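Report on the following structure.
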Amino acid sequence: MNKQKLVSGIRSTGELHVGNYYGAMKNMENVVNTYDAHFFIADLHTLTTNPSPEHMSKNALEAAASYLAAGLNPEYCTFYTQSSLAAEVAELSLYLGMVMPLGELMRCPTFKEKAKKHPDNVNYGLVGYPVLMTADILLHKGQVVPVGEDQLVHLEMARQIVRRFNKLYGEVFSNPQPLAENAVRIPALHGQGKMSKSDSVDTYISLLDENVQIQQKVRKAYSDPTRVYLQQPGHPSVEGCNVYHLHTYFTDEQGQQQLREQCASASIGCVACKQRLAEQIEQVIEPFRTRKQQLTEEQILDILHHGAVKARLSAQKVLQEVRDAMGILMV
């Protein structure tokens with residue numbers, strides 16, 4: 001039985017935090033066992049924000065190293081950089097752009113939001129982002145796409161493009177379906193929303209943080225606002241204490257039960273509770289950090305090269321099918 005094809009883009013901007021790990025990385029082993037998985041570093045997408053040239057390749061390698069250290073096994077999936085298939089992605093994006101009305105792209109909520117936020121940088125790449133994303137997916141005839149809530153609108157636009165293309169040229173592509181099972185919202189240390197790299201570095205735990213940094217950050221984490229004194233019973237619940245909420249991600253059930261009993265009876269204080277949380281987080285990050293330090297740039301480049309060769313073969317087959325359907329003469 002053939003596995004469904006899954007395509008997932010990995011941002012090559014900034015460092016990753018534990019929220020990224022639980023939300024996108026931790027389930028990768030299950031994903032590659034279930035699907036014919038294609039993972040790519042979305043370095044071309046970052047050009048919409050005009051990153052500096054010296055950061056382009058550095059960030060791409062950093063992202064690749066992070067995912068390899070987190071457990072992505074290139075022997076069981078296809079792993080490459082988007083830029084290594086620049087010609088194939090650009091060609092398919094050109095064809096798909098011909099069937100997508102400009103008005104619909106400009107009505108995209110994320111485009112309007114970013115155009116309003118950065119009025120001096122409303123470039124073609126920004127408005128055409130959904131088309132390029134669709135090309136990434138369809139280049140391998142992707143059937144399943146892991147998406148967060150913020151990307152659902154782009155996936156729906158991809159489905160629109162598929163319907164329009166198929167109506168004109170025949171049933172070349174199937175509609176990609178969202179995979180939302182990895183949606184995890186680890187709370188920020190300051191207790192407001194989820195961990196995000198766009199917030200202050202004190203609000204999230206980076207996968208590159210040393211143990212002393214983890215301890216310092218967790219020590220300042222927002223806890224139970226109603227517990228002023230040590231002798232007061234706490235409220236160890238997801239709603240009652242942000243630190244306990246974090247424990248539900250990093251501490252096993254037996255440890256959580258012990259914390260609930262100790263906190264509710266005032267036999268443990270917030271400082272000790274935070275110390276335990278820091279230790280649990282360290283146990284998650286330490287193996288990741290060790291694996292990443294062991295990777296060399298030569299190893300990473302070799303893995304990406306082999307992935308690109310494999311991905312290019314897949315992409316060229318799909319492109320030829322698209323050309324034939326559209327009647328494009330390639331001589």
Side-chain angles (χ1 to χ4, degrees), residues 14-31 66 70-71 146-152 178-289:
E15 61 187 322
L16 299 172
H17 55 69
V18 290
N20 299 130
Y21 177 80
Y22 274 85
M25 299 178 177
K26 198 176 180 184
N27 199 40
M28 281 191 299
E29 183 177 352
N30 181 52
V31 167
S66 292
V147 288
E149 291 180 12
D150 58 333
Q151 288 290 320
L152 279 173
L179 178 68
E181 62 185 27
N182 294 331
V184 176
R185 296 176 63 85
I186 292 185
L189 296 176
H190 62 357
Q192 299 175 24
K194 67 175 183 177
M195 285 193 184
S196 173
K197 291 177 292 185
S198 61
D199 293 332
S200 166
V201 294
D202 290 331
T203 67
Y204 63 86
I205 303 294
S206 167
L207 289 176
L208 297 180
D209 281 344
E210 297 293 337
N211 290 351
V212 64
Q213 292 173 289
I214 295 171
Q215 292 166 10
Q216 289 172 348
K217 288 182 178 182
V218 173
R219 200 176 298 132
K220 298 176 183 177
Y222 187 72
S223 55
D224 182 351
T226 65
R227 191 180 184 191
V228 181
Y229 303 106
L230 180 62
Q231 62 270 26
Q232 286 181 302
H235 301 84
S237 67
V238 170
E239 298 79 15
C241 178
N242 191 56
V243 171
Y244 178 79
H245 190 180
L246 285 160
H247 268 291
T248 63
Y249 290 97
F250 301 102
T251 304
D252 61 28
E253 183 53 44
Q254 183 178 353
Q256 291 176 45
Q257 182 179 348
Q258 184 183 49
L259 283 170
R260 286 195 297 270
E261 293 171 354
Q262 292 177 324
C263 182
S265 63
S267 59
I268 187 176
C270 293
V271 173
C273 185
K274 290 178 179 181
Q275 180 60 35
R276 289 192 196 178
L277 176 61
E279 292 168 358
Q280 293 299 319
I281 294 175
E282 288 166 12
Q283 289 182 25
V284 171
I285 292 182
E286 186 63 40
F288 168 87
R289 195 163 51 218

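As the structure is a computational prediction, the values presented were derived from the model and not from experiment.
Under the 3.5 Å distance criterion, the side-chain polar atoms of Q257 are left unmatched by any main-chain donor or acceptor of Q254. Side-chain N or O atoms of D224 include one that pairs as donor or acceptor with a backbone N or O of H235 at under 3.5 Å. Although no hydrogens or angles enter the test, the distance criterion places a donor-acceptor pair under 3.5 Å between the side chain of S237 and the main chain of G240. A donor-acceptor pair is defined here as one N or O able to donate and one able to accept, closer than 3.5 Å; such a pair exists between the side chain of T248 and the backbone of H245. Between the side chain of S265 and the main chain of E261, a donor-acceptor pair closer than 3.5 Å is present. Judged purely by atom type and a 3.5 angstrom limit, Q213 uses its side chain to pair as donor or acceptor with the backbone of E210. A donor-acceptor pair is defined here as one N or O able to donate and one able to accept, closer than 3.5 Å; such a pair exists between the side chain of H247 and the backbone of C273.
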- Query: Going through the distances and angles, do I205 and K217 end up as a side-chain contact (heavy atoms from CB on, under 4.5 Å)?
  - Reply: CA-CA 8 Å; I205 303 294; K217 288 182 178 182; 3.9 Å; yes
- Check step by step if side-chain contact (heavy atoms from CB on, under 4.5 Å) holds for R227 and C263. CA-CA 10 Å; R227 191 180 184 191; C263 182; 3.8 Å; yes
- Message: Run the side-chain contact (heavy atoms from CB on, under 4.5 Å) test on F250 and L277 for me, step by step, so that the C-alpha distance in whole Å, both residues' side-chain angles and the decisive distance to 0.1 Å come before the verdict.
- Response: CA-CA 7 Å; F250 301 102; L277 176 61; 4.1 Å; yes
- Pair Q280-Y249, side-chain contact (heavy atoms from CB on, under 4.5 Å): steps then yes or no: CA-CA 9 Å; Q280 293 299 319; Y249 290 97; over 6 Å; no
- Please test Q275 against E279 for side-chain hydrogen bond (donor to acceptor under 3.5 Å, both in side chains), starting from the C-alpha separation and ending with a verdict. CA-CA 6 Å; Q275 180 60 35; E279 292 168 358; 3.2 Å; yes
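Rounded to the nearest 0.5 Å, atoms CG (D199) and NE2 (H17) are 9.0 Å apart. Atom CZ of R219 is separated from atom NZ of K274 by 9.5 Å, given to the nearest 0.5 angstrom. Rounding to the nearest 0.5 angstrom, the gap separating the CG atom in N242 from the CG atom in L189 is 7.5 Å.
Residues V243 and S223 come closest through the heavy atom pair CG2-CB, 3.7 Å. Between L230 and I268, the shortest heavy-atom contact is CD1-C, 4.3 Å. Here the closest non-hydrogen pair linking D209 and I285 is O-CG2, 4.1 Å. Taking every heavy atom of both residues into account, R276 and L259 meet most closely at NH1-CD2, 3.5 Å. Across every non-hydrogen atom of Q231 and A266, the tightest pair is O-CB, 3.5 Å. Of all heavy-atom pairs between V18 and I186, the closest is O-CD1, 3.7 Å.
Residues T203 and S196 form no side-chain contact, since every pair of their non-hydrogen atoms from C-beta on lies 4.5 Å or further apart. Counting only heavy atoms from C-beta outward, the side chains of S66 and F288 approach each other to under 4.5 Å.
For E282 and Q215, the side-chain atoms include at least one donor-acceptor pair closer than 3.5 Å.
A salt bridge links R289 to E286: one of the charged nitrogens lies within less than 4.0 Å of a carboxylate oxygen. Salt-bridge formation is detected for the pair R260/E253: a Lys NZ or Arg NE/NH1/NH2 atom is positioned less than 4.0 Å from an Asp or Glu carboxylate oxygen.
Seen from the ring of Y204, K194 does not count as a face-on cation partner, given the 6.0 Å and 45° thresholds.
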